[in-house]
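First the structure, in the form of structure tokens, and then the observations on it.
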Protein chains: 2
Amino acid sequence: MELLKKKIRDEGMVLNEHVLKVDSFINHQMDPVLMKEMGKEFAKRFKDNGVTKILTIESSGIAPAIMAGLELDIPVIFARKKKSLTLTDDLYTSKVYSFTKKETNTITVSRKFFSEDDTILIIDDFLANGHAAFGLADLANQASATVAGIGIVIEKAFQPGGDELRARGYRVESLARISSLKHKTVKFVEEQ
Amino acid sequence: MELLKKKIRDEGMVLNEHVLKVDSFINHQMDPVLMKEMGKEFAKRFKDNGVTKILTIESSGIAPAIMAGLELDIPVIFARKKKSLTLTDDLYTSKVYSFTKKETNTITVSRKFFSEDDTILIIDDFLANGHAAFGLADLANQASATVAGIGIVIEKAFQPGGDELRARGYRVESLARISSLKHKTVKFVEEQ
Ligand SMILES: Nc1nc2c(ncn2[C@@H]2O[C@H](COP(=O)(O)OP(=O)(O)O)[C@@H](OP(=O)(O)OP(=O)(O)O)[C@H]2O)c(=O)[nH]1
Ligand SMILES: Nc1nc2c(ncn2[C@@H]2O[C@H](COP(=O)(O)OP(=O)(O)O)[C@@H](OP(=O)(O)OP(=O)(O)O)[C@H]2O)c(=O)[nH]1
């Protein structure tokens with residue numbers, strides 16, 4: 001997605017070889033117009049897949065996901081990483097390991113929002129080692145729902161998540177795919 | 001806002017005299033069309049106030065805030081309640097006490113997204129005791145920014161937050177104001 005790649009080039013900051021900072025338009029400050037365009041792009045790629053619900057995870061996945069839900073005119077659910085005052089129903093849960101924090105967290109969704117009749121589009125902001133995406137797919141699988149695919153804003157293609165998801169048969173659609181963050185430079189997959 | 005009040009009557013669940021559960025359209029599953037309408041309503045109420053940025057807090061504030069930002073065509077920042085991988089800049093921080101959890105949490109925003117030239121619209125999903133709203137206003141005040149007002153989706157008017165914010169001179173615009181949750185019934189402020 002050219003608009004996104006331009007924004008990454010203009011405003012993204014390469015913190016180190018593994019981390020791209022995009023706090024000015026995705027992870028802290030958000031650009032609503034760009035979010036709407038990303039929602040349209042996800043909707044375009046998945047409009048023929050019979051998607052009935054979008055599943056994302058708090059917090060940075062919410063904005064792109066709600067815009068995609070608006071375009072596809074379907075509900076959007078965000079998985080919780082921590083306790084919430086009113087999320088007390090029967091839950092599906094999945095464990096997600098964090099390399100950075102060296103800890104395992106539990107993500108949860110309410111069972112009542114998913115059924116075997118649902119076709120789920122998973123959306124998240126970053127795809128790195130893929131643990132969050134696999135966790136969300138696991139929640140959908142526990143509900144016996146169909147996973148239409150995984151929509152990602154920025155995929156770090158030099159990390160294994162994307163390959164591992166695709167090897168498992170998931171369709172992964174990334175709006176930007178980064179091949180390298182070496183030398184403080186963002187390289188996108190086509191521009192080897 | 002009639003559409004919101006209808007949704008609350010149809011899908012809201014009164015858990016007890018103090019808590020309304022709206023997990024099916026705000027706090028877990030989100031209704032994108034309703035979110036867009038709420039964004040339009042916030043924009044309508046604040047369009048003449050020269051708002052330059054919207055400030056909300058993760059997680060449930062993000063969807064209504066991004067939709068209001070889309071309508072007003074301005075950036076939206078969500079304050080963090082916990083550490084984030086890339087939120088490492090100079091920060092404004094504020095302490096927010098939770099009666100329920102009996103603990104004080106720190107909320108943070110990056111200093112670089114706020115200046116004295118900004119006019120901030122604060123948006124959040126619930127207004128109860130007002131601690132989160134006061135915390136967000138404190139962040140804006142630390143930046144010497146102007147607070148145009150506080151946009152709330154659901155105000156529990158039987159709790160003190162709204163009165164306390166208004167007594168401090170803040171303009172509080174709530175899309176629905178609840179006077180009581182007694183007898184498992186939602187009563188809105190006009191219908192005494
Ligand atoms: N900006 C940025 N973030 C990255 C990058 N790579 C991964 N992340 C994010 O970092 C967070 C850390 O994820 P971990 O679960 O600790 O993953 P790990 O196994 O890779 O260490 C995740 O945010 P999260 O839990 O989804 O947080 P939130 O923003 O949704 O609250 C993930 O999206 C990157 O290059 N840049
Ligand atoms: N559904 C629902 N929620 C209510 C109600 N009253 C307050 N809340 C939410 O409960 C959470 C608890 O806030 P606390 O900070 O512990 O507040 P407290 O002083 O009132 O105990 C807040 O969610 P949060 O921290 O903003 O969580 P998040 O959803 O944004 O992640 C607040 O918005 C209610 O009647 N119904």
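Within every chain, numbering begins at 1; the chains are lettered A, B, ... in the order of the sequence lines, protein sequences first and strands thereafter.
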Using heavy-atom distances under 4.5 Å, tell me whether [X] contacts chain A through its side chain, its backbone, both, or neither.
{"X": "Ile57(B)", "result": "neither"}
{"X": "Met35(B)", "result": "side chain"}
{"X": "Lys36(B)", "result": "side chain"}
{"X": "Lys53(B)", "result": "side chain"}
{"X": "Val19(B)", "result": "side chain"}
{"X": "Leu70(B)", "result": "both"}

Is a side-chain N or O of His28(B) found less than 3.5 angstrom from the main chain of Phe78(A), in a donor-acceptor match? yes

Inter-residue atom distance Leu85(B).CG - His18(A).NE2, 0.5 Å rounding: 11.5 Å

One option among Ile66(B), Leu20(B), Ile54(B), Asp31(B) has the most heavy-atom pairs under 4.5 Å with chain A, and it is Ile66(B)

Could you tell me which of Thr88(B), Leu34(B), Asp89(B) has the largest number of non-hydrogen atom pairs under 4.5 Å with chain A?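 Answer, by heavy-atom pair count under 4.5 Å with chain A: Asp89(B).
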
For Tyr97(A), which fellow cluster members are found when Ile, Leu, Val, Met, Phe, Trp and Tyr are connected by side-chain heavy-atom distances below 4.5 angstrom, either directly or through intermediates? Phe99(A)

Suppose clustering is done on Ile, Leu, Val, Met, Phe, Trp and Tyr with side-chain heavy atoms closer than 4.5 Å. Which residues sit in the same group as Leu87(B)?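 ILVMFWY cluster around Leu87(B) also holds Leu91(B).
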
Going by residue number, which parts of residues 153-166 of chain A are within reach of chain B, meaning a heavy-atom gap below 4.5 Å?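 The list, in residue order, is empty: none.
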
Where on Leu55(A) is there a heavy atom nearer than 4.5 Å to chain B: the side chain, the backbone, both, or neither?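 Contact with chain B involves no heavy atom of Leu55(A) at all.
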
Under 4.5 Å heavy-atom distance to chain B, tell me which part of Ser59(A) shows up: side chain, backbone, both or neither.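 Both the backbone and the side chain of Ser59(A) come within 4.5 Å of chain B.
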
Under 3.5 Å side-chain donor-acceptor pair for Thr86(A) and Asn27(B):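 Per modelled atom types, Thr86(A) and Asn27(B) side chains form no pair under 3.5 Å.
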
Taking 4.5 Å as the heavy-atom cut-off, does anything in residues 108-135 of chain B contact chain A, and if so which residues?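 From residues 108-135 of chain B, the residues near chain A are Thr108(B), Val109(B), Ser110(B), Lys112(B), Phe113(B).
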
